[in-house]
Amino acid sequence: MPDLLPDACNIQSQLIRAAAEIVESYGFREIRLPLLEKTELFARSIGEVTDIVEKEMYSFDDRNGESMTLRPEATAGVVRAVIQHSLVHAGPQKLWLAGPMFRYERPQKGRYRQFDQFNVEAFGLEGPDIDVELIAISARLWKRLGVTDLLTLELNSLGDGAGRQRHREALVDYLRGHADLLDADATRRLETNPLRVLDSKNPAMQDMLAAAPQLPDYWDDASREHFETLTGRLDALGIAWTLNPRLVRGLDYYSRTVFEWTTTALGAQNAVCSGGRYDGLVEQLGGKPTPAVGFAIGVARLAALMEAGGTTAQPVADVYLAALGDAADAAAVVLAERLRDALPGLRLVVNAGGGSFKAQLKRADRSGARFALILGDAEVESATVQLKPLRTHEEQEAVAQSALADTIRERMQATPAAA
Ligand code: ATP
Ligand code: MG
């Protein structure tokens, strides 16, 4: 469970803020849920024979002897809340949430035991228009974060009903016929969750799996139409996609559309955003039949991509205010608060702990600030301040305190932020 230090937090916050702003511009609203749910919720929704439920959950008995689990994913809790509060009663619901998930996995780069996700879930909409919207949202976020070129969209449909059942039977027959090639995981899943065998990463099984019965060959007409409308609209939006007939997602509750944005820039942990339809889940958990679709972004993985794309943590300060002498110290506080009134977004650090101007300017430099403001006895006397650019070779200049806010606003806009 990693500690997120300030630089890492800063990049992740840039991500969450951008994502929240974008989804809210599409009419999604935030929901916040407990990190802890009853264990049975996850067993019933995710499925007993998934990696998550079989071996990744942090579960414990509470003081009442009831088994509780730190949420390994968000969807089950959202569905529980939607049912419990009759949210779809009032019509479709478009929700987002961000926060930590917990999975007992082997920690490695891009894979942690506590990790944040940004989740989007829409209820009561059959699609494919909403499927298109979710993918458009994700594509817009990649653009905003400068990572579009690092990501590829893979799509599939799990189909529905009888077709899906026929595929399952054909797949099980095929896999039984190749029992000698199955590894231990696949042998176990063959009887319980055969679809999952399809997305095995075991190199020794790839040729055999490539020739296995493919989901698209078993799509019913409605599923095919759903898929074709979705892909036609993505084409119209200029969002490139590829069909991956073996994309199944790890969770049992998906149906029809499944998608994944993957990257080659992060090594083995290549999935950055995964989503799909789970039309059966609300009913399965005791609600009225309600179609639903959502996606989850792995925040740390996307943040790593942002860094690969050139994003850096924002500096501590835009402006660093240095003051020397009692009178200047006193004036500095007043001046700083006035600047904060006039420029609410300004990151302004006032020197604390004294020190010579030289020492203070060193701190100013380390803060990443673009400008130092210097206030000594002479400046207090003349109601001015010295404005010193720290990232360019421009000369220091005296500015009247009354004009300081305007000057800083102009100078900040004129010179773009350092990388
Ligand atoms: P993977 O195949 O990498 O195990 P998954 O299918 O288990 O991923 P999901 O349950 O779909 O992942 O979760 C959505 C996203 O959350 C993933 O695409 C990934 O970016 C991120 N994620 C999943 N597990 C972890 C983890 N242990 N640490 C960090 N990020 C994770
Ligand atoms: Mg996993």
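Counting convention: from 1, in listed order, for ligands and their atoms alike. Quick caveat: nothing in here was measured; it's all calculated off a predicted structure.
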Would you list the atom pairs, donor with acceptor, under 3.5 Å between side chains in residues 123-135 and any protein atom, with sequence neighbours excluded?
residue, atom, partner, partner atom, Å
Asp131, OD1, Arg277, NE, 3.2
Asp131, OD1, Arg277, NH2, 2.8
Asp131, OD2, His226, NE2, 2.9
Asp131, OD2, Thr257, OG1, 2.7
Asp131, OD2, Arg277, NE, 3.3
Glu133, OE2, Lys94, NZ, 2.7

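- Evaluated by nearest non-hydrogen atom to atom 8 (O) of ligand 1, the leading choice among Met101, Gln108, Arg301 is Arg301.
- Salt bridge status for Asp341 with Arg338: absent, with no side-chain N to carboxylate O gap under 4.0 Å.
- Note on ring orientation: taking the six-membered ring where Trp is involved, the planes of Trp96 and Phe118 are parallel (angle under 30°, cut-offs 30° and 60°).
- Taking only nitrogen or oxygen atoms, main chain and side chain alike, Glu105 reaches within less than 3.5 Å of ligand 1.
- On a distance-only criterion, Gln117 and ligand 1 share at least one N/O pair closer than 3.5 Å.
- Here is the list of ligand 1 atoms found below 4.0 Å of a heavy atom in Arg103: 5 (P), 7 (O), 9 (P), 10 (O), 12 (O), 13 (O), 23 (C), 24 (N).
- Only one option out of Leu247, Leu175, Leu171, Asn156 pairs with Leu198 in a side-chain contact (heavy atoms from CB on, under 4.5 Å); it is Leu171.
- Evaluated by nearest non-hydrogen atom to atom 22 (N) of ligand 1, the leading choice among Phe295, Phe115, Trp261 is Phe115.
- Taking any N or O of Ile52, backbone or side chain, none lies under 3.5 Å from an N or O belonging to ligand 1.
- In this structure, Arg246 does not pair ionically with Asp199, as no charged nitrogen and carboxylate oxygen lie closer than 4.0 Å.
- Geometrically, ligand 1 and Gln269 share no nitrogen or oxygen pair separated by less than 3.5 Å.
- Listed by atom number, the atoms of ligand 1 under 4.0 Å from Gly298 heavy atoms are 15 (C), 16 (O), 20 (O), 21 (C).
- Residue Ala271 has at least one heavy-atom neighbour below 4.0 Å for each of these atoms of ligand 1: 17 (C), 18 (O), 19 (C), 20 (O).
- The distance from ligand 1 to the heavy atoms of Gly110 drops below 4.0 Å at these ligand atoms: 28 (N), 29 (C), 30 (N).
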